[in-house]
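Each ligand, and each atom within it, is numbered from 1 in the order the structure gives. Residues: numbered from 1 along the sequence shown. Both backbone and side-chain heavy atoms feed into the values below; hydrogens, waters and symmetry mates do not.
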Amino acid sequence: RSSAEKFEFQAEVSRLMDIIINSLYSNKDIFLRELISNASDALDKIRFLSLTDKEVLGEGDTAKLEIQIKLDKEKKILSIRDRGIGMTKEDLIKNLGTIAKSGTSAFVEKMQSGGDLNLIGQFGVGFYSVYLVADYVEVISKHNDDKQYVWESKADGAFAISEDTWNEPLGRGTEIRLHLRDEAKEYLEEDKLKDLVKKYSEFINFPIYLWTTKEVDVEVPADEEESSEEEESTPEAKEDEDTEEDEEKKPKTKTIKETTSEWELLNDVKAVWLRSPKEVTDEEYSKFYHSLAKDFGDEKPMSWSHFTAEGDVEFKALLFVPPKAPHDLYESYYNNNKSNLKLYVRRVFISDEFDDLLPKYLNFLKGIVDSDTLPLNVSREMLQQHSSLKTIKKKLIRKALDMIRKIAEEDPDEYSNKDKTDEEKSEMAEKKGQYAKFWNEFGKSIKLGIIEDATNRNRLAKLLRFESTKSDGKLASLDEYISRMKPGQKDIFYITGSSKEQLEKSPFLERLTKKNYEVCFRLGVSLGSVILDMN
Ligand code: ADP
Ligand code: MG
C-alpha cells in the first residue's frame, strides 16, 4: 500500500520473532490463549474507564464487551476481535514492535538456553506467538482517541502502519487477522478452536464467541410424489405423517439440509473466587492459577487460600503460592511496590499493578482480591488512598502467612515425628519436600519479611529454616533448634559464610560443636542483622 509507513522492529524484538518463527516447538496452540488474554486485558481497560465515564463505551454493538473468533477457510485466515480499548497509531507502533520490554531479552535468553516457549506470556511478549502459526499478521485497531489503523508484518524485520480506509469500521477495539501457514491449517477447524478455548481460556471473564457454521434440517414445501416416496422408505417419515394427520389441508413438506451460521458462546463466564471453596475442585484451582499467572508450566501451584473476609471491609480473595519464583522476583525489589494481585471491585477488574496491596516481601504471591466495600466510580488514584485498603492488606498478610505455615505443617519432612494414620501418611507422602521446595524458591522473601515487617516478625520467624550442625542435612526450624537446646543455653548460634563445606572447617564452629551446641549455617549474602524474639 502506497500510504503505508514502514518501521523496523527493535533489535531484541526482531530476534524474539526469529526464534518464534524458526521454533520447532510442537505446542503451537498457545498463540490463541495469548490473543484471548490480550483481548480480555483490553476489555478490562475499557470497562474500567467506563466506570467514571459511561460515554467511552459507545453505543449498540460497540458497547458489547465480548470476544469474537472467526474462520475463513478459503483465505486461510483466523481472526480474533475484541471491543476493548483498542490502540492508537502510536500504541501500535510502540506496543507491537518498537519498544522492547524488560521481558523481551530475558525471554530471548531463556529460549536460547532451551527454555519453554509455553511461558511466553509471563515475559510480556505473548503477542509474538502469533508467528508460531502465521506468516503474515494484520492488526486492525480503533481507539476512541484516534482513527482506525492497520498494523501488518510478515515478520521480516519490519512492520507497516496505514490508516484503514478499506476494512469495515470496528467501532472500537482490535481485530487480529492471522494468515495461517500451511502447517497450521488445523486452526481453521471449529472443533479445534472450541477445544482450545475450553482448555486454555476457561477463566476469561468476557464471553468468547465463535462464528460457527452448521448444517440444519429445514422443512420446505414438497411435491406429492417425493413425499410419498419418503413415507414408505423411512420410519421418521411415517411418524411425521401421524402428527400431521389432522392438518391435512396444509401442503406436504420435505426436509432439506441448509447451512446456517451463528455466534456460538464457548465459555461460561464464572468467577472462580465468587464460588464456595467447597464447590471448586483442586483441578479448577490449578487451572485458574495457570491462567491468572500466565504460568503454563506443568506444575501445580504449591498452595492456595480462598476466603471471604467479613466485617467493616468485605472482600473475597484467592491467593496462590506459585510452584516457582518468577525470573525477575528480586530484580527490582526496592523500587517496586506493585503486588501481583489483581484487584476487582464488585466483579469489575480495576488493576493488577495496585501499589501496596501486599507488602513487598509477599510480592511472589499471585491472586485476586474482589471487594464490595471499595467504591467503583472513582479514579485509581482515589482508590489507592482508600482507608479500607489498610484493613484488606492486613487480612491478606495474615492469610498468606497462614497458608505458608500450612505448607510446612503438612510436609512430612518437617514434622515427621508426629503420629499419623496410614491414610494421612500416604496423603502426606505427596507433600514430601514441599516446604523445602518453598524455602528454596521463596526463602529469601521470608527473610526480607523479617527485616521489613515488625508486626509479623514472630509469625515469619516460625517460617525460617536453616541447615545446622544437628539437622542431618535437612532444614530445621527455630522451634526445632530450641527443642534441642542444652539446659541453660540462652543463645542461638549461627555462622555465616558462602558454603556449608567452608563453614564446616571453621575453627569457631569446632569450639561450639565440641561443647555440643547446635550451630545454624547462614549461607549466601548477609541480609543484615536480625533480632528475633524467641518467646
Ligand atoms: P502483554 O499482554 O503481557 O503486555 P503482549 O505481547 O501479549 O504482552 O502484548 C503487548 C501489548 O500490545 C499489550 O501490552 C497491549 O498494550 C497491546 N495489545 C495487544 N493486544 C491488544 C488488544 N487486543 N487490544 C489492545 N491492545 C493490545
Ligand atoms: Mg499478552
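If you check which protein heavy atom lies closest to atom 18 (N) of ligand 1, you get Met87 CE, 3.7 Å. Scanning the protein for heavy atoms near atom 25 (C) of ligand 1, the closest one is Ala42 CB, 3.7 Å. Looking only at heavy atoms of the protein, atom 20 (N) of ligand 1 is closest to Asn38 CB, 3.3 Å.
Checked against Asn167 for a side-chain hydrogen bond (donor to acceptor under 3.5 Å, both in side chains), the options Glu175, Arg177, Glu138 give a single hit: Arg177. Here the rule is side-chain contact (heavy atoms from CB on, under 4.5 Å) with Tyr344, and of Asp372, Leu374, Leu274, Asp370 only Asp370 fits it. Each of Lys406, Gln434, Lys437 was compared with Asp411 under the side-chain contact (heavy atoms from CB on, under 4.5 Å) criterion, and only Gln434 meets it. Partner Phe320 forms a ring pair (Phe, Tyr, Trp, His ring centres under 6.0 Å) with one of Phe364, Trp273, Tyr289 and no other, that one being Tyr289.
Looking at Tyr128, its side chain does come within 3.5 Å of a backbone N or O of Gly97 through a donor-acceptor pair.
Annotation: cation-pi pair Lys444/Tyr330 present, NZ/CZ under 6.0 Å from the ring centroid and within 45° of its normal.
Distances between N or O atoms of Leu96 and those of ligand 1 include no value under 3.5 Å. Checked by distance only, ligand 1 and Asn95 come closer than 3.5 Å through their nitrogen or oxygen atoms. Below 3.5 Å of separation, one finds an N or O of Phe127 facing an N or O of ligand 1. Of the N or O atoms in Gly124, one or more lie within a sub-3.5 Å distance of an N or O in ligand 1.
Counting heavy atoms from C-beta on, the side chains of Phe438 and Ile446 come closer than 4.5 Å. Lys28 places none of its side-chain heavy atoms less than 4.5 Å from the side chain of Glu183. Using a 4.5 Å cut-off on side-chain heavy atoms (C-beta onward), Tyr149 and Val139 make no contact.
The nearest protein heavy atom to atom 13 (C) of ligand 1 is not closer than 4.0 Å.
Residue contact check: Asp82 has heavy atoms under 4.0 Å from atoms 22 (C), 23 (N) of ligand 1. Within ligand 1, the atoms closer than 4.0 Å to a non-hydrogen atom of Lys101 are 1 (P), 3 (O), 4 (O), 8 (O), 10 (C), 14 (O), numbered from 1 in the order shown.
Listed by chain and residue number, the protein N/O/S atoms under 2.8 Å of the Mg ion (ligand 2) are Asn38 OD1, with waters left out.
Outside the 6.0 Å centre-distance limit, the rings of Phe288 and Tyr285 are not counted as a close aromatic pair. Two rings, from Phe349 and Phe48, have their centers 6.0 Å or more apart.
Contacts with ligand 1 closer than 4.0 Å are made by backbone heavy atoms (N, CA, C, O) of Val125 only, the side chain lying farther away.
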